[in-house]
2 protein chains.
Amino acid sequence: MISVDAFDLKILTALQDDGRLTNQELAELAGLSASQCSRRRMRLEEEKVISGYHADLSSEALGFGVIAFIQVGLATHSPDNSKRFRALVNRIDEIQEAYSLTGDADYVLKAVLRDLKGLSNLVNDVLMPHQSVAHVRSSIVLDRLKESAKLPLRDLKAG
Amino acid sequence: MISVDAFDLKILTALQDDGRLTNQELAELAGLSASQCSRRRMRLEEEKVISGYHADLSSEALGFGVIAFIQVGLATHSPDNSKRFRALVNRIDEIQEAYSLTGDADYVLKAVLRDLKGLSNLVNDVLMPHQSVAHVRSSIVLDRLKESAKLPLRDLKAG
DNA sequence: TAAGACGCGCAAGGAGCGTGCAAACAGGAT
DNA sequence: ATCCTGTTTGCACGCTCCTTGCGCGTCTTA
């Protein structure tokens with residue numbers, strides 16, 4: 001079983017905020033030596049508690065003006081059809097997130113696009129015509145209050 | 001104006017995949033020298049094209065078993081009420097993402113929780129009783145097909 | 001064509017990394 | 001209490017990597 005103690009939690013919290021912290025900076029934050037942080041970080045990476053590091057890019061600076069949530073209902077719920085839909089979703093880079101949900105829609109997708117034309121193209125020319133898809137309803141994001149992938153480690157008990 | 005050329009795009013794409021790449025690795029991928037990659041990376045950081053670096057933690061490994069999308073309708077649409085709601089959202093760490101949307105709901109939130117008790121607590125004890133909130137509807141994520149924050153830089157023109 | 005600005009690679013000094021090692025510590029059995 | 005064993009720690013050191021100064025080539029503008 002994976003065990004994560006209080007030092008690990010400090011390291012994880014810090015790296016969640018800044019993924020390029022050096023072991024020495026980590027050492028100060030965690031109250032440990034740099035070598036020990038290096039060792040712990042390697043362990044956490046090997047155990048896949050840390051699954052990766054990513055640069056966060058500014059969608060505004062790079063000209064992505066539209067974010068949309070797209071609710072999708074499948075034509076049938078056969079395993080084959082789900083498989084086809086998943087394959088479709090996987091090869092569309094504009095779709096950042098995709099989930100199957102409880103409630104009315106089968107799937108919800110979050111997509112980033114350059115403009116409304118991009119959204120129209122995705123919805124009308126890619127999703128709608130696909131054999132696996134029955135209906136599609138999209139909502140455009142008006143304002144982003146918060147957008148991160150940080151886990152709330154705050155109250156996690158060591159163990 | 002921010003200008004991003006083909007080299008920058010290669011660097012951004014690479015760092016989006018692995019935020020801890022060394023300048024030398026970056027140099028190989030971009031076909032540039034390490035020093036030049038260092039300079040370009042610093043420029044992209046200063047210009048906020050790269051807004052940060054983050055470690056990606058495994059929610060499974062750390063015991064977060066529930067992801068939910070929560071649609072929220074506000075009691076009134078006064079500026080004051082919106083402000084109150086935004087402040088509430090901001091101080092709840094379990095809420096990773098929050099957007100205001102076109103369509104029926106005013107806001108949609110994405111929350112990560114330890115278990116269903118955590119979700120119940122958030123919805124029934126925190127969101128519902130809040131003065132700014134009129135109604136709440138939550139959907140639980142059954143399956144994650146895709147979850148990233150990568151921008152589709154693939155077809156971006158340099159300029 | 002001359003002059004300035006820009007972007008490049010190279011080199012070197014300095015910072016950061018990770019492994020070996022011995023000391024400190026924790027916990028169970030006697 | 002005391003010993004024994006396995007784990008975790010900090011330090012030292014060789015090695016890699018980072019970043020800045022520098023000189024060169026190229027492109028633009030007057």
Side-chain angles (χ1 to χ4, degrees), chain A residues 1-58 61-63 150-151 153-159, chain B residues 1-58 61-63 150-151 153-159:
Chain A
M1 178 57 194
I2 301 166
S3 110
V4 174
D5 69 11
F7 285 126
D8 291 329
L9 273 183
K10 285 192 185 180
I11 290 174
L12 292 172
T13 304
L15 285 174
Q16 201 171 217
D17 268 332
D18 182 352
R20 282 191 85 100
L21 285 172
T22 66
N23 290 326
Q24 322 209 27
E25 291 167 318
L26 230 38
E28 286 218 19
L29 293 171
L32 227 62
S33 70
S35 54
Q36 207 53 18
C37 286
S38 169
R39 277 188 272 252
R40 279 170 179 268
R41 199 159 60 75
M42 287 173 93
R43 183 174 60 80
L44 291 167
E45 288 167 12
E46 271 167 21
E47 286 173 348
K48 304 284 181 206
V49 178
I50 298 174
S51 57
Y53 300 90
H54 305 283
D56 208 353
L57 308 185
S58 159
L62 292 165
K150 288 184 201 165
L151 298 178
L153 300 179
R154 165 180 42 68
D155 56 341
L156 208 56
K157 294 282 181 299
Chain B
M1 179 55 192
I2 302 165
S3 110
V4 174
D5 68 11
F7 286 125
D8 290 329
L9 274 183
K10 284 192 186 180
I11 291 172
L12 291 172
T13 305
L15 285 175
Q16 199 170 219
D17 269 333
D18 182 352
R20 280 189 86 98
L21 285 172
T22 65
N23 290 326
Q24 320 208 30
E25 291 166 319
L26 230 37
E28 286 218 17
L29 293 170
L32 226 60
S33 69
S35 53
Q36 209 51 20
C37 286
S38 170
R39 276 188 272 253
R40 279 171 179 268
R41 198 160 59 75
M42 286 174 96
R43 184 174 60 80
L44 292 167
E45 288 167 12
E46 271 166 21
E47 286 173 349
K48 304 286 179 204
V49 178
I50 298 173
S51 57
Y53 299 90
H54 304 284
D56 208 353
L57 308 186
S58 159
L62 292 164
K150 287 184 203 166
L151 297 178
L153 299 179
R154 162 181 43 68
D155 56 341
L156 208 55
K157 295 283 182 299

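Sequence lines set the chain letters: A, B, ... in the order given, protein chains first and strands last, and positions in each chain run from 1.
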Could you tell me the separation between the [atom1] atom of [X] and the [atom2] atom of [N], rounded to a whole number of Å?
X: Glu45(A); N: dC17(C); atom1: CD; atom2: C1'; value: 13 Å
X: Gln24(A); N: dG18(C); atom1: CD; atom2: P; value: 11 Å
X: Asn23(B); N: dA15(C); atom1: CG; atom2: P; value: 17 Å
X: Leu26(A); N: dG10(D); atom1: CG; atom2: P; value: 13 Å
X: Met42(B); N: dC17(D); atom1: CE; atom2: C1'; value: 14 Å
X: Arg43(B); N: dT20(D); atom1: CZ; atom2: P; value: 15 Å
X: Leu21(A); N: dC17(C); atom1: CG; atom2: C1'; value: 15 Å

Task: Closest to the Arg20(B) side chain, choosing from dT20(D), dC17(C), dC8(C) - done: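 It is dC17(C).
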- [ ] Would you confirm whether His54(A), through its side chain, and Gln16(B), through its main-chain N or O, come within 3.5 Å as a donor-acceptor pair?
- [x]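 Yes, the answer is positive, given that a donor and an acceptor are paired below the 3.5 Å cut-off.
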Open item on the list: Given 3.5 Å as the limit, does a donor-acceptor pair link the side chain of Thr13(A) with the main chain of Leu9(A), or not?
Closed with: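 Checked: pair present.
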Open item on the list: Using side-chain heavy atoms (C-beta onward) and a distance below 4.5 Å, is Asp8(A) in contact with Val49(A)?
Closed with: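 Sidechains of Val49(A) and Asp8(A): no contact.
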Open item on the list: Can you give me the closest heavy-atom contact between Lys48(B) and Ser58(A), atom names plus distance?
Closed with: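 The answer is O-CB, 3.2 Å.
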TODO: Could you grab the distance from atom CZ of Arg41(A) to atom CD1 of Ile11(A), nearest 0.5 Å is fine?
DONE: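 The CZ atom of Arg41(A) sits 9.0 Å away from the CD1 atom of Ile11(A).
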Open item on the list: We want to know whether Thr22(A) and Glu25(A) form a side-chain donor-acceptor pair, criterion being a heavy-atom distance below 3.5 angstrom.
Closed with: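 The answer is yes; a qualifying pair exists.
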Open item on the list: Using a 4.0 Å cut-off on heavy atoms, which residues in residues 28-41 of chain B reach DNA chain C? List them by number, or say none.
Closed with: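 The answer is Leu32(B), Ser33(B), Ser35(B), Gln36(B), Arg39(B), Arg40(B).
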